[in-house]
Amino acid sequence: MMKIPLLPHTDHLLPKGRAKLTIAQARHIRMVKEALSSNEGFLMAMIDSNREESEITEVPALTTRVQIIDFHRLEGDLLGITVEGIDILRIAKINVDFDHLLIADCAPYFIWPPFPATSANQYLADKLKQLHATVPDLGELYTELKYNDMTWVCQRWIEVLPIDVKYKQLLIHQENPKLAIRFLMKLLQDKNLIY
């Protein structure tokens, strides 16, 4: 069982996903220092945007381990970091350290294998390209956009769509992206979320 610092966050990240975070609290600065020195990264746990950090007593069992790929100083002595998802870990237990940093006991969980795009699911990749063109900040985080891999495409959709964490967790508990493809196709086509 590995012991890794845990950051509950409303930005949701999955393997190969990227995000920019602002680090302000002393315990999280310590987490970043330890992540950089140990090369083990830290965990980003999904929480719904309507939850406040002060009320977090539990997080979903599956969480993404991230590595820091860039950092810089922000105004007001804040730390800006860019992280990339490495893998999925299952949390067994959470401990609270002396400075209130959460430390998770966790073990590896499987990640989805690459899954080729087909004419039947290409719609999801096309709509993600359209989203990246409309919101360039999302696409610019990546050096390589893998629109031909439905695993990558589905994970990027799961990260950005405003759906409850329990549904995101249900999707990533699957052994491959097939259920996510069906769910996302129906959601995007029925709700006309992306035109």
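Computed over heavy atoms, backbone and side chain alike; hydrogens, waters and symmetry mates excluded.
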- Please check if Val160 and Tyr123 belong to a single hydrophobic cluster, counting links between Ile, Leu, Val, Met, Phe, Trp and Tyr side chain heavy atoms closer than 4.5 Å. yes
- Note on the structure: With sequence neighbours left out, the residues meeting side-chain hydrogen bond (donor to acceptor under 3.5 Å, both in side chains) with Asp105 are Lys3
- Item | Backbone of Met44 reached by a side-chain donor or acceptor of Thr63 within 3.5 Å | yes
- Task: Tell me, please, which residues at least two apart from Pro108 pass side chain to side chain contact (heavy atoms under 4.5 Å, CB included).
- Result: Met2, Leu89
- Go through the structure and list residues passing side-chain hydrogen bond (donor to acceptor under 3.5 Å, both in side chains) with Tyr109, not counting sequence neighbours. none
- Item | Derivation and outcome, side-chain contact (heavy atoms from CB on, under 4.5 Å), residues Leu187 and Ile163 | CA-CA 10 Å; Leu187 181 70; Ile163 55 178; 4.3 Å; yes
- Hey, what do you get for CG (Leu145) to NZ (Lys129), rounding to the nearest 0.5 Å? 9.5 Å
- Determine the sole option in Leu102, Ile68, Leu6 for which the side chain to side chain contact (heavy atoms under 4.5 Å, CB included) test with Phe42 is passed. Ile68
- Look at atom NE2 of His100 and say whether more than 12 heavy atoms of other residues, nucleotides or ligands are closer to it than 6.0 Å. no
- Shortest non-hydrogen contact from Leu13 to Gly85? CD2-N, 3.9 Å
- Task: Mind listing the closest non-hydrogen atom pair of Ile103 and Pro5 along with its distance?
- Result: CD1-CA, 3.9 Å
- When hydrophobic residues are tied together by side-chain contacts of less than 4.5 Å, even through go-betweens, does Tyr167 share a cluster with Ile172? no
- Query: Can you list the other members of the hydrophobic cluster that holds Leu78, where links are side-chain heavy atoms under 4.5 angstrom apart?
  - Reply: Leu74
- Hey, could you give me the OG1/CD distance between Thr151 and Gln155, rounded to the nearest 0.5 Å? 6.0 Å
- Query: So how far is it from Ile94 CD1 to Asp97 CG, rounded to the nearest 0.5 Å?
  - Reply: 13.0 Å
- Item | CD1-CD distance between Ile86 and Glu40, expressed to the nearest 0.5 angstrom | 9.5 Å
- Those residues at least two apart in sequence (or on a different chain) that pass ring pair (Phe, Tyr, Trp, His ring centres under 6.0 Å) with Tyr142 are Trp152
- Task: Consider only side-chain heavy atoms of I, L, V, M, F, W and Y, link residues closer than 4.5 Å, and tell whether Ile91 and Val96 are in one cluster.
- Result: yes
- Message: Nearest 0.5 Å, please: how far is CG in Leu161 from CD in Glu159?
- Response: 10.5 Å
- Note on the structure: d(Leu188 CG, Phe183 CZ) to nearest 0.5 Å is 9.0 Å
- Residues two or more places apart in sequence or in another chain: which of them pass salt bridge (Lys or Arg N to Asp or Glu O under 4.0 Å) with Glu34? Arg30
- Query: Side-chain contact, heavy-atom cut-off 4.5 Å: Leu101 with His28?
  - Reply: yes
I'd like a table of donor-acceptor pairs (distance under 3.5 Å, sequence neighbours excluded) in which one partner is a side-chain atom from residues 14-22, with atom names and distances.
residue, atom, partner, partner atom, Å
Arg18, NE, Glu84, OE2, 3.0
Arg18, NH1, Leu141, O, 2.8
Arg18, NH2, Glu84, OE2, 3.2

Sequence neighbours excluded and cut-off under 3.5 Å, please list the side-chain donor-acceptor pairs for residues 173-180, or say none.
residue, atom, partner, partner atom, Å
His173, ND1, Gln169, O, 2.8
Gln174, NE2, Leu170, O, 3.0
Asn176, OD1, Lys178, N, 2.9

- Message: According to salt bridge (Lys or Arg N to Asp or Glu O under 4.0 Å), who are the partners of Asp87, at least two apart in sequence or on a separate chain?
- Response: Arg65
- Task: Identify, with sequence neighbours excluded, every residue that meets side-chain hydrogen bond (donor to acceptor under 3.5 Å, both in side chains) alongside Asp77.
- Result: Arg73
- Within the distance-only criterion (no hydrogens, no angle test), does the side chain of Asp48 pair as donor or acceptor with the backbone N or O of Val165 below 3.5 angstrom? yes
- Okay, side chain of Trp157, backbone of Leu124: is any donor-acceptor separation there less than 3.5 Å? yes
- Query: Which atom names give the shortest non-hydrogen contact between Ala120 and Met185, and what distance separates them?
  - Reply: O-CE, 3.2 Å
- Report the residues that fulfil salt bridge (Lys or Arg N to Asp or Glu O under 4.0 Å) with Asp137, sequence neighbours left out, ordered by chain and then residue number. none
- Item | Heavy-atom closest pair, residues Ile181 and Cys154 | CG1-SG, 3.5 Å
- Item | Ile69 with Val66, same ILVMFWY side-chain cluster at under 4.5 Å | no
- Message: So, using salt bridge (Lys or Arg N to Asp or Glu O under 4.0 Å) as the criterion, who are the partners of Asp126 when residues are at least two apart?
- Response: none
